[in-house]
Amino acid sequence: MSKKRRAKQWMAASMSLVMAGTLAFQAGPGKASADRGVVDLWKAIKPLTTIASAMNTGAHPDDEHSATLAYLSLGLGVDTYSVIANRGEGGQNEIGSELGNALGIIRTRELQEASKITNVTLANLSQKLDDPIYDFGFSKSPDETLEKWGEDVAYERLIRQIREKCPDVLIPAFLNEPSTHGHHRAINVLTVRAFKDAGNPQIFPEQLKEGLQPWQPKKLYVPGTEKAYDVSLPVNEYNELYGASYAQLGEESRYMHKSQGMGRQVDEGQGTAYYTLQASADGKKADDKPGTSLFGGIAFTFDDLAKEIDAKGKDNKVAKQLNTLQKDANEVIAAYPAFAEVAREVHEMKADVQTAVELVKSSSLDSSAKNDLLHRLEVKERQLNKASQEATSVVVKVKPETGELIPGQTTKVTVTAFNGGDVNVGKVSLKLNVPEGWNAKASGAATFAKLDKNKTVQTEFEVTVPKQVEDFNPYALPLISADIGYEAFGTAATLHAVPDNAVAVLPPVALSLSPEAAVLNTLKPGDTVPVKVTATNYAPGAEKTKVSLKTPEGWTVEPAVQELSFAAKYETKTAEFTVKAPEGVKAGSYSLSAVSSDGTLDSSRTVQVIQYPHIGKTYYVKPANLAIQAFDLKVPEGLKVGYVSSGFDNIDQVLRQVGINVTNLDAKTIQFGDLSQYDTIVLGIRAYAFRPELIPSNQRLLDYAKNGGNLVVQYHKPEDKWSPDLAPYPIKIGAPLIEWRVTDENSKVTMLAPDHPIFNTPNKITSADWENWIQDRSAYNPSEWGKEYTELISNGDPGEKEFTGTFLTAPYGKGNYTYSSIVWYREMPSLVPGSIRMFVNMISLKQEGTVSTGTTPQK
């Protein structure tokens, strides 16, 4: 092709790239737009130009240095890895009420989607649900974190990741500083230690028996500042091909962390990432003059590797072949954006990579050098397969008949390959991969001599699931995948494909209980617990089952069993039961389970379908249990509560369960309705941030309290549009937020105003009510407040100054205003007795100190 013609193609493609990249980026807070065509082709071929690699380590989903990852991977083509410890199970949720494992599943999927945008390879140290490397909530200590995770477990898994992926550069996302989350500090501690130990064969020698080799990263960088750094990465650089800067591309990926409210608008030209060199394998310190590359002194290209081999006088044939690979990579880039020409050059490079592999294996290089080169060539082969797919425009798909299977089921899965390009593709093979013990049989041909342009080949596989199978693990690799092989220009390529959504093996009949947690009031021994079981049929056709409840000894259930019949898949039926505790039941925790039986197999499983537009569909399979907490609870009759939910807590449901009349207030009611009908109005956590009508209506809420109502506000962050004057008397939230929380759920609590009605009416609160709490005590405590407030408690983490603004209340006009940073939203759904007893007291408060009787306050 002439230079002039190629220049014209380049300009046309560049314009397309700018438009495509800009449109994709401007999708911003919405669902990320997938790139197409020439953009994906560039993403695939850019990595062929370098042999360098980097690994960024973090504790939670969203810890990744997104702008840096985008710059390294999308900008430089570096083989880039993100290794995250846990799944974020202990965090908060800004898109729903899922917490714990369900939230961890959401955050994991968000992390996976974010990693696709920055084109990095993702790994997690946590491997399964309820893994020891778990987000147990905020921690102020790396020692506490490593103790709970199991330091040896976490360290072994991190060393394994380094030895598998062989990064030249390690970058922990955080420093080990007292003002930093303990989980972040723990990952820094492990990463710094791993930099020294990953190359030591005496560390975890059992990994070497599995075939892994010691690996010594070349450099260790930690986050720097604008005033103190050794390297500044120009993540503010604008890339015409993507139509965005790397900082903008990084933020596009961060928008995927919607459950954490991540992602922000960054203008063109903004942002620089600063790093400090903490350690170097060769012992050299950083240059006096800061640089702009993390790879100074590290081989970055095939030519650099060739020079290293030449300098050692080791093997001239290998060095020359590495020079050839560099030339190949340059020719691939030069052929861009002509797809067929790129494909030709890619496949020529594939052949040369195979030659290089054979030369390295037969060379006189020492074993360490051989392992290094063979790893880099293996990475290059993987990248070349991806480049071939994009250049040939071969589209592969795995299409299950259904993504929801049951044990013993036989289903169909179709694997397809489509040729959308001008390259002649031949010797096509379609292979379906299934777990051990499963059976997959092709019902027709699985190999094809050729695949012409705009043609599709496909193979339908009959897949049978074994009758005994483990519960679905949302963190495992996909259960079903496909390998597609083909030839172009005389060399073979292999592609790997997975279904668009998760394929899960589910129980034939899944049972969900309502409620999943219940209070048994020991002051009302005759009360029963109504339990509704919703059964969903996941069997492919008609199904029958008998549903029963398994209870503690001495408890009774009516009826004992109910038979349900289903006509089709996904049909739901309900069975209602009445559970009664034995006379004299003692306070404590009890558990019952729902059981489905078809006569041969019993199952007690709940399937929680987790589905959001930005992450697709997946599942959380868990035991079908109902937790019952028995304790004494006085509830005033007729108490009427208006609840303003932010959507992030289930406190209103708990209040209903204990017999309180709760109405969820909508925007119209808050703005224009009669608020005086409610004895108490409660604002859910961070409500001012997510209920836009609240700030304009705040004076109505204050007037409600002033005229005799009881207004309760739960914790907020400063960025939740909170301002001190939203309260009747100013309340300022402490900053930095990390320093204004209590993370030890067992920390001592002192009631500063023990005679206050909140601690006495209608329930007498004692030190026992502060026992058996979970995860935290409080978050985002106030640092300043008006003298009008009564400080109800003092509390702090061991060895730290105690907070006295955690629980504040004050008379206001004829009514009351209470602000609390206690994490009620965690404690109450977990049925912590003291939290429920105290919350009932708080919403029963009247100014004169007597319990509300449910009568409408006088206005």
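Keep in mind it's a predicted model, so treat the numbers as computed, not measured.
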For [X] and [Y], which I'm curious about, is there any donor-acceptor pair between the side chains at under 3.5 Å?
X	Y	result
Asn781	Tyr715	no
Ser82	Ser115	no
Gln714	Ser820	no
Gln653	Arg656	no
Thr68	Tyr275	yes
Glu251	Ser66	no
Asn710	Tyr817	no
Ser778	Ser821	no
Glu802	Ser794	yes
Ser747	Asn795	yes

Picking from Asp652, Ile836, Asn650, what satisfies side-chain contact (heavy atoms from CB on, under 4.5 Å) with Met828?
->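 Exactly one option meets the side-chain contact (heavy atoms from CB on, under 4.5 Å) with Met828, and it is Ile836.
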Cation over ring face, [X] and [Y], 6.0 Å, 45°:
X	Y	value
Arg837	Phe631	no
Arg826	Trp824	no
Arg741	Phe138	yes

Applied to residues 129-140, the salt bridge (Lys or Arg N to Asp or Glu O under 4.0 Å) test, sequence neighbours excluded, yields Lys128-Asp131, Asp131-Arg157, Lys140-Asp797, Lys140-Glu800
Tell me if a side-chain donor or acceptor on [X] pairs with a main-chain N or O of [Y] at a distance below 3.5 Å.
X	Y	answer
Tyr221	Leu294	yes
Tyr590	Leu520	no
Arg777	Glu745	yes
Ser835	Val832	yes
Glu516	Ala627	no
Asp230	Leu277	yes

Mind checking side chain to side chain contact (heavy atoms under 4.5 Å, CB included) for Ala279 and listing every partner two or more places apart, or none if nothing turns up?
->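 In terms of side chain to side chain contact (heavy atoms under 4.5 Å, CB included), with neighbours along the sequence ignored, Ala279 is linked to Phe195, Leu220.
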Set of side chain to side chain contact (heavy atoms under 4.5 Å, CB included) partners for Gln608, sequence neighbours left out = Glu98, Ala102, Ile610, Tyr620, Lys622
If you draw a 6.0 Å radius around CD in Glu147, do more than 12 non-hydrogen atoms from other residues or ligands fall strictly inside?
-> no
Enclosure of Asn772 CG (heavy-atom neighbours >12, cutoff 6.0 Å) |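 Check fails, neighbour count at 12 or below.
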Results of salt bridge (Lys or Arg N to Asp or Glu O under 4.0 Å) for Arg686 - residues two or more places apart only |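 Counting only residues at least two positions away or on another chain, Arg686 forms a salt bridge (Lys or Arg N to Asp or Glu O under 4.0 Å) with Glu94, Asp720.
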Please collect all ring-ring contact (aromatic ring centres under 6.0 Å, His included) contacts where either partner lies in residues 736-757, sequence neighbours excluded, each pair once.
->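 Matches after skipping sequence neighbours: Trp740-Phe803.
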Throw together a table of side-chain donor-acceptor distances under 3.5 angstrom for residues 725-732, partners on residues two or more places apart or in other chains.
residue: Asp725; atom: OD1; partner: Ser723; partner atom: OG; Å: 2.6
residue: Tyr729; atom: OH; partner: Pro811; partner atom: O; Å: 3.3

Whether His183 and Trp149 hold their rings parallel, tilted or perpendicular, with breakpoints at 30° and 60° | tilted
With under 30° as parallel and over 60° as perpendicular, where do the rings of Tyr229 and Tyr274 fit, or are they tilted in between?
-> tilted
What closest approach, in Å, do His257 and Ala114 show between heavy atoms, and which atom pair accounts for it?
->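 Where His257 meets Ala114 most closely, the heavy atoms are NE2-CB, 3.9 Å.
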Determine the minimum heavy-atom distance between Ala186 and Thr145, stating which atoms define it.
->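 Answer, listing the atom of Ala186 first, then Thr145: CB-CG2, 3.6 Å.
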When the aromatic ring centroids of Tyr780 and His716 are compared, is their separation below 6.0 Å?
-> no
Taking the six-membered ring where the residue is Trp, are the ring centres of His181 and Phe174 under 6.0 Å apart?
->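 Centroid distance His181-Phe174: not below 6.0 Å, so no.
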